[in-house]
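Bear in mind that the values here come from a model prediction, so they are computed numbers and not experimental data. Just so you know, these numbers use all the heavy atoms, side chains as well, and skip hydrogens, waters and symmetry mates. Letters A, B, ... are given to chains in the order of the sequence lines, protein chains preceding strands, and every chain is numbered from 1.
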Amino acid sequence: MKKLGRYIVSLLFISILLLYGLDYIFTKAYYDGAPRTKISWVQSQVFPDSLDYVLLGSSRCIHHLQPELITKITNKKGLNLGYSGSGPVEIKLMLNQVIQHTNTKHVFIQVDTKYNDIQPDGLAIVGWLPFIKEKEIYTELIKYDNNYSLLKNVPFYRYQKFDPKIGVRNVSLIYLGKQGDFISRKGYKPINHTLKKDAFFNKSIRDKENKIFNEIIDICLENNIELHFFTSPIYNNQSDFGILNKYLPSYIDFSNSISERTLFSDAIHLNHQGASLFTEIFAKTYFKKTNAQH
Amino acid sequence: MLFNSLDFAIFLPIVFLLYWFVTNKNLKLQNFLIVVASYVFYGWWDWRFLSLIIFSTLVDYSIGVRLSTEENQLKRKILLWTSIGVNLGFLGFFKYYNFFLDNFISAFSLFGLEINANSLNIILPVGISFYTFQTLSYTIDVYKRKLEPTKDIVAFSAFVSFFPQLVAGPIERATNLLPQFYKKRSFNSENAVRGIKQIIWGLFKKIVVADSCAQYANDIFNNYQEYNSLTLILGALYFSFQIYCDFSGYSDIAIGTSRLFGFNLMKNFAFPYFSRDISEFWRRWHISLSTWFRDYLYIPLGGSRGGTSRKIRNTIIIFVVSGFWHGANWTFIVWGALNAIYFLPLLLTHKNRTHTSSIIAANKLFPNIKELLSVSLTFTLTLFAWIFFRANSIYQAFKFIRGIFTSDFEIERIKLERFSFEIIPLILILIITEWIFRKEDFPFDSNKKSFLGMTFLIILIIVFGSYSEMQSFIYFQF
């Protein structure tokens with residue numbers, strides 16, 4: 001029995017050692033390696049110049065606004081830090097990172113029916129797990145699910161459980177130096193195809209205050225950041241976003257600002273051509289007005 | 001309870017400690033612990049189906065006892081057929097009722113007759129095909145007076161429900177496993193360490209290879225219309241390794257776990273993809289089922305004795321029934337029939353026993369050209385048959401095969417999902433490891449540097465294991 005005990009203890013010891021070692025190597029990749037996600041991008045470097053603005057939100061932010069074009073039109077410098085699936089919780093987390101790692105004057109947040117979400121998005125939150133040991137991130141996540149405690153404290157567990165998103169393939173690419181393709185366009189990612197069939201969007205927003213957005217508003221106030229909310233264009237929109245005026249300051253609804261089918265890739269995403277047009281509308285609406293005011 | 005779950009990782013050490021430190025002084029108590037642990041293990045899925053196992057146990061135990069005292073041949077036959085009827089009745093109802101009903105309705109509708117009968121929403125009890133065949137082997141062996149019937153209900157219950165092999169085999173013979181419950185087991189460190197090694201090897205096959213292959217194979221088989229020839233061939237290849245590593249991985253964990261408790265189960269797989277012909281493949285694949293059918297179906301039918309037509313008939317029967325055992329779907333029947341077609345030329349030319357004892361490239365590092373070609377041909381034939389096994393319907397299987405022969409072979413069109421990135425090296429690691437250790441029961445079995453090997457496997461399990469979409473074992477559904 002002693003021989004078996006020694007054998008098992010040795011294997012367990014090696015396994016635990018491996019788990020801690022791999023956890024360290026993987027986490028280090030996300031902090032110091034080639035940034036492949038927006039979170040790593042913000043985390044891994046301090047942006048030298050102060051930024052005029054930062055854009056936050058979901059895929060309806062990433063694919064819709066082109067910081068390079070905004071610079072061309074208005075001379076304002078900024079980043080598009082939206083990413084797929086990002087909802088209120090993820091936006092709040094990203095806002096905190098923006099405050100820590102950049103010096104920005106304006107924050108623009110894209111909102112739509114995700115306004116009502118009060119839990120982290122199952123997929124979008126995964127990108128935050130390599131950084132879960134940071135007190136601020138963990139404190140935010142543990143509010144929603146006790147399982148985040150396991151993901152934080154069991155070494156390497158988060159990389160195993162969410163391997164397709166943050167596991168061995170992604171880390172290998174980080175170590176190979178393959179950074180995200182959004183970097184060259186300051187966070188914007190174009191979609192090149194066109195909506196083929198007719199479509200429409202009809203989802204309603206519940207008339208209920210979301211405390212996470214109140215916290216976001218407070219954070220911006222504390223840090224002297226001017227906060228704006230907006231809704232990106234939607235093809236054949238049949239939803240009413242008017243209710244958001246009640247809860248969000250400086251809210252502008254652009255959902256019906258573009259109606260041409262050929263400028264969309266699907267009902268809720270513009271293609272590259274559509275994004276260029278919307279970026280122009282966006283830049284003129286905010287920055288020309290802001291310049292005039294200042 | 002899945003072997004690759006946290007539940008089992010907690011369950012196994014508890015049972016192990018109770019077995020060797022609390023109940024070790026009393027054999028009956030030790031067997032009783034096995035029965036209780038096995039029922040907990042099985043009830044973890046669905047406690048309601050425990051009643052089936054208990055009923056089956058009581059019926060076969062009682063019939064065994066009656067057979068020991070009954071001398072009248074007719075009454076003995078009635079007892080035997082009662083056991084067969086009860087066991088196959090349960091199996092038939094739970095597994096095949098809807099299949100037969102649907103096919104009867106379809107057959108009658110061909111003649112313009114409409115039958116109003118509704119399919120039942122039947123849940124298939126996990127492992128029913130396995131424990132049914134195991135208990136049947138007991139009654140048949142007792143009937144044939146090959147085995148003394150047991151008077152020990154606890155030992156018999158432990159034999160029927162022994163948790164390591166209850167839900168997916170190996171299908172043990174009463175002549176091998178039951179006597180092990182009569183003897184006091186003493187702890188053997190060497191054997192237990194072998195058990196641990198075999199469990200780790202099984203986990204590597206299941207979590208690393210099978211589950212990784214599963215995600216890619218599932219995608220290709222579910223969306224086969226979208227892919228080109230090369231991708232479809234890859235899909236069949238991935239499924240070939242998925243099914244092998246899934247099932248043989250389960251067997252390795254079952255055999256390894258049994259070793260921890262002082263039991264020796266029969267070998268279920270012997271590196272089947274290194275087989276040089278189909279008959280060798282079937283001596284190396286799911287050995288416990290193949291030999292079960294050989295002993296309890298093929299030989300009673302006359303085996304290979306008699307004329308050519310009888311040989312052909314018996315071969316087709318055994319393969320088709322074997323296919324049907326896997327599931328109530330025509331795809332499994334065609335899979336079985338296809339293997340019969342592969343096998344018959346060897347049988348009829350008396351070449352079916354060419355490779356009964358030797359292993360490929362014995363005492364050599366590499367196989368010669370002839371061996372390599374024969375292994376490749378055998379693997380290609382089995383890969384082709386797996387398409388029917390995996391497809392949801394015969395129609396889908398034919399469409400899949402048609403896609404292989406009518407699309408293109410452009411590499412660029414292979415959908416480069418994450419799995420194509422890491423899966424090929426993992427399969428190569430499996431093949432090379434099995435090749436190096438092909439003389440042993442399982443890799444690293446008697447290797448002096450096995451600890452290094454185990455460390456390597458643990459690294460692979462930790463880094464490349466599939467934990468995000470944990471799959472249950474394929475053979476549970478059979």
Check: side-chain contact (heavy atoms from CB on, under 4.5 Å) between A:E90 and A:W128: does it pass, once the steps are laid out?
Finding: CA-CA 8 Å; A:E90 293 80 16; A:W128 290 96; 4.2 Å; yes

Next item on the list: Indicate the atoms forming the closest heavy-atom contact of A:L129 with A:Y148, along with that distance.
Entry: CD2-CE2, 4.0 Å

Margin query: Taking side chain as everything from C-beta outward and backbone as N, CA, C, O, which of these in A:L11 sits under 4.5 Å from a heavy atom of chain B? Side chain, backbone, both or neither.
Written below: both

Checklist line | Candidate list A:K38, A:Q97, A:Q100, test side chain to side chain donor-acceptor pair (under 3.5 Å), partner A:Q43, passing option | finding: A:Q97

Checklist line | Residue among A:M1, A:K3, A:K165, A:K2 with most heavy-atom pairs under 4.5 Å to chain B | finding: A:M1

Margin query: Using heavy-atom distances under 4.5 Å, tell me whether A:I14 contacts chain B through its side chain, its backbone, both, or neither.
Written below: side chain

Item checked: Heavy-atom contact with chain A under 4.5 Å, split by part of B:I459 -> both

Check: If you measure from CD1 on B:I427 to SG on B:C245, what distance do you get to the nearest 0.5 Å?
Finding: 8.0 Å

